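Here the structure is laid out as structure tokens; the discussion comes afterwards.
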Amino acid sequence: MSKQFEDHFLATRRRFLRNVGVAAGLSVVPLSWSSRVFAEEEMVVEGPPMPDIPATKITDNVYVIVSPWGFPSVENQGMMSNVTFAITEKGVVIIDSGASLQIGRMAIRQIRKFSDKPIVAIFNTHYHGDHWLGNHAFVEENPDVPIYAHEKTASAIRSNQGDFWKSLMERSTGDAIAGTVVTPPNEVVGHGDEFDFGDMTMRVHFYGTAHTPSDISIEIVEKGIVHVGDIAMNNRIAFMDDGSFLGTFKAFDKLEEAVPEGFWIPAHGFPAYELIERNRILFEGIYESAEKAVNEMASPDEVKDYVLEDERVQEMAPYVDGFDENIGKYASLAYLEAEAAAF
């Protein structure tokens, strides 16, 4: 490619991106990322800013930006997962960064209402994109920030899960997350690892497959608070396609044993002391009903009826968002797991 043609090509591309952005109501801004792939273009299309959601104070210097219920959509711009932050002596620690560059930037605006300390660490609880695509914004704020995750989470994001979730969120939100760059974790953590941030210590808990094969929970030791990611949700059913009911029960047992009077922060819904207890009621109702169906040699088509007849499920159903739309799927997943466990 001649230098003259290359200059013409790049100029034409910049005009195209600018025009597309204007036509779609998107903004076109200089690219601050150092990737050689985009550096020569100098411009990138970005989706609209995420409207502010004020942070909820949990205790001194610990806050949660609580996301509204819903799957990613044009209306919510992908804001479907909580962003938690702790303001420590050494700086601000993020637990789950949100689903886009725009959501991460919104979170930073909320943080700056309380502190001007630097972002010193990010923890990603697992590889579903609503928990880590916001990494981009925090790296934009501090290029040297360490991003911690389980090794399987980091590997999954670097391989298929990274591009898969970026593409999924783009399609689901009508490109509201445009401009978001896949920014994987750069540090690996394991069970029992501790991080000293002066007045707060973050301790990692990992108990095997629960919601996914690589869920970590982050305990803020001095506060008696544990961020459980998607292992437990408040009045919602956790996505279990990658997970295990039996593994989730194990995680519940281990977390309650490790932090007996813990205050639990979910990545979906409001924090609560009774969070694990209520999730256990619902999940045991689903799984033990499926187990009964397997023992009685009922067909997979019948398992939903077994689940809906369970008193624990009936007790919880009115309070669980998305119950009617999803209970058949979760009953089937529980049946498959119970059937496998029977052999």
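In this text, all values refer to a predicted model and were calculated from it rather than measured experimentally.
In this structure, the separation between CZ on Phe164 and NE2 on His128 is 8.5 Å, given to the nearest 0.5 Å. Put simply, CD on Glu302 and CE on Met297 are 11.5 Å apart, with the number rounded to the nearest 0.5 Å. Here the NZ-OG1 distance, from Lys223 to Thr59, works out to 5.0 Å after rounding to the nearest 0.5 Å. In this structure, CD in Glu222 is found 8.0 Å from CE in Met200, a value given to the nearest 0.5 Å. Taken from CD1 in Ile103 to CD1 in Ile53, the straight-line distance is 8.0 Å, to the nearest 0.5 Å. Taking CD1 from Ile265 and CG from Asn82, the interatomic distance works out to 8.5 Å, rounded to the nearest 0.5 Å.
A salt bridge links Glu288 with Arg312: the closest approach of a Lys/Arg side-chain nitrogen to an acidic carboxylate oxygen falls below 4.0 angstrom. Ion pairing between a basic and an acidic side chain is recognised when a charged N comes within 4.0 Å of a carboxylate O; Asp52 and Arg109 show such pairing. Ion pair Lys329/Asp241 flagged as a salt bridge, since at least one NZ, NE, NH1 or NH2 atom sits closer than 4.0 Å to an Asp/Glu carboxylate oxygen.
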- Message: Using side chain to side chain contact (heavy atoms under 4.5 Å, CB included), reason through Leu133 and Ser97 one step at a time and then give a plain yes or no.
- Response: CA-CA 7 Å; Leu133 278 163; Ser97 60; over 6 Å; no
- Should His227 and Thr125 be marked as a side chain to side chain contact (heavy atoms under 4.5 Å, CB included) after you check the CA-CA gap, both sets of side-chain angles, and the distance that decides it? CA-CA 9 Å; His227 187 293; Thr125 59; 3.8 Å; yes
- How far apart are the C-alpha atoms of Asp60 and Lys57, what are their side-chain angles, what is the distance that settles it, and do they pass the salt bridge (Lys or Arg N to Asp or Glu O under 4.0 Å) test? CA-CA 7 Å; Asp60 289 345; Lys57 182 178 180 179; 3.4 Å; yes
- Message: Using the rule given for side chain to side chain contact (heavy atoms under 4.5 Å, CB included), can you reason through Val83 versus Ile94, listing the C-alpha separation, both sets of side-chain angles and the distance that settles it, and then say yes or no?
- Response: CA-CA 7 Å; Val83 179; Ile94 309 299; 4.2 Å; yes
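You'll find the side chain of Ile225 stays beyond 4.5 Å of the side chain of Glu219, heavy atoms only. Looking at Ile218 and Arg203, their side chains never come closer than 4.5 Å, going by heavy atoms from C-beta outward. Taking the side chain as every heavy atom from C-beta outward, Leu308 and Gln314 never approach each other to under 4.5 Å. Side-chain contact check for Asp163 versus Val182: some heavy-atom pair is nearer than 4.5 Å. Under the 4.5 Å side-chain criterion, counting only non-hydrogen atoms from C-beta, Ser73 is not in contact with Ser172. Residues Gln102 and Thr180 have side chains in contact (heavy-atom distance under 4.5 Å, counting atoms from C-beta outward). Side-chain contact between Ser217 and Leu255: present, with at least one pair of heavy atoms (C-beta onward) separated by less than 4.5 Å.
Linking Ile, Leu, Val, Met, Phe, Trp and Tyr residues whenever their side-chain heavy atoms come within less than 4.5 Å leaves Phe206 and Phe245 in two separate clusters. The cluster map of Ile, Leu, Val, Met, Phe, Trp and Tyr, joined by side-chain heavy atoms under 4.5 Å apart, puts Ile220 and Val226 in different clusters. Val259 is not connected to Ile58 by any chain of hydrophobic side-chain contacts under 4.5 Å among Ile, Leu, Val, Met, Phe, Trp and Tyr, and they are in different clusters. Note on Phe138 and Met50: same hydrophobic cluster, where clusters join Ile, Leu, Val, Met, Phe, Trp and Tyr whose side-chain heavy atoms are under 4.5 Å apart, directly or indirectly. Criterion: ILVMFWY side-chain heavy atoms under 4.5 Å apart, direct or through other members. Under it, Val228 and Val66 are not part of a common hydrophobic cluster.
Panel note: side chain Asn279, backbone Ala232; no donor-acceptor pair is recorded below 3.5 Å. Judged by distance alone, the side chain of Arg112 and the main-chain N or O of Ser115 form a donor-acceptor pair under 3.5 Å. With Asn76 contributing its side chain and Pro68 its backbone, the two residues share no donor-acceptor pair below 3.5 Å. At least one donor-acceptor pair under 3.5 Å links the side chain of Asp215 to the backbone N or O of Thr212. Between the Tyr330 side chain and the Ala238 main chain, a donor and an acceptor come within less than 3.5 Å of each other. Trp132 places no side-chain N or O within 3.5 Å of a backbone atom of Pro184 that could act as its donor or acceptor partner. The backbone N or O of Ala178 lies less than 3.5 Å from no partner atom in the side chain of Lys166, so there is not a single donor-acceptor pair. The backbone N or O of Pro49 sits less than 3.5 Å from a side-chain atom of Gln77, completing a donor-acceptor pair. A donor-acceptor pair under 3.5 Å links the side-chain atoms of Lys117 to the main chain of Thr88, judged by distance alone. Judged by distance alone, the side chain of Asn142 and the main-chain N or O of Ile119 form a donor-acceptor pair under 3.5 Å.
Between Phe195 and Phe123, the ring center distance clears the sub-6.0 Å criterion.
The minimum heavy-atom distance linking Glu46 with Arg105 is given by the pair OE1-NH1, 2.9 Å. Looking at every heavy atom in both residues, Ala334 comes nearest to Ile286 through CB-CG2, 3.8 Å. Of all the heavy atoms in Ser67 and Ser81, the pair that sits closest is OG-N, 3.3 Å. Closest of all the heavy-atom pairs between Phe239 and Met233 is N-CE, 4.2 Å. Listed here is the closest heavy atom pair of Tyr335 and Ala298: OH-O, 2.7 Å. Across every non-hydrogen atom of Ser289 and Val307, the tightest pair is CB-CA, 3.7 Å.
Side-chain polar atoms of Glu170 and Ser167 form no donor-acceptor pair below 3.5 angstrom. For the residue pair His211 / Asp242, no side-chain donor-acceptor distance below 3.5 Å is found, with atom types taken as modelled.
Heavy-atom neighbours of Lys292 NZ from other residues, nucleotides or ligands within 6.0 Å: at or below the threshold of 12. The environment of Glu325 atom CD is dense: over 12 non-hydrogen atoms of other residues, nucleotides or ligands sit within 6.0 angstrom.
The only member of Asp96, Thr183, Asn135 that meets side-chain hydrogen bond (donor to acceptor under 3.5 Å, both in side chains) when paired with Asn124 is Asn135.
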List, one per line, each side-chain donor-acceptor pair under 3.5 Å for residues 143-157, sequence neighbours excluded.
residue	atom	partner	partner atom	Å
His150	ND1	Lys152	N	3.0
Thr153	OG1	Ser214	O	3.4
Thr153	OG1	Ser214	OG	2.7

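The stretch residues 63-107 participates, sequence neighbours left out, in these ring-ring contact (aromatic ring centres under 6.0 Å, His included) pairs: Tyr63-Phe85, Tyr63-Phe114, Trp69-Phe71. Among residues at least two apart or in separate chains, side chain to side chain donor-acceptor pair (under 3.5 Å) pairs with a member in residues 247-266 are Asp253-Arg280, Glu256-Arg280.
Shown here are the ring pair (Phe, Tyr, Trp, His ring centres under 6.0 Å) partners of His268, two or more places apart in sequence or in another chain: His131. Every residue two or more places apart in sequence or in another chain that forms a side-chain hydrogen bond (donor to acceptor under 3.5 Å, both in side chains) with Glu337 is listed here: Ser244.
The cationic group of Arg236 does not satisfy the cation-pi geometry with Phe323, failing either the under 6.0 Å distance to the six-membered ring centre or the 45° limit from the ring axis.
Its side chain outside the 4.5 Å cluster rule for every partner, Leu101 clusters with none of the Ile, Leu, Val, Met, Phe, Trp and Tyr residues.
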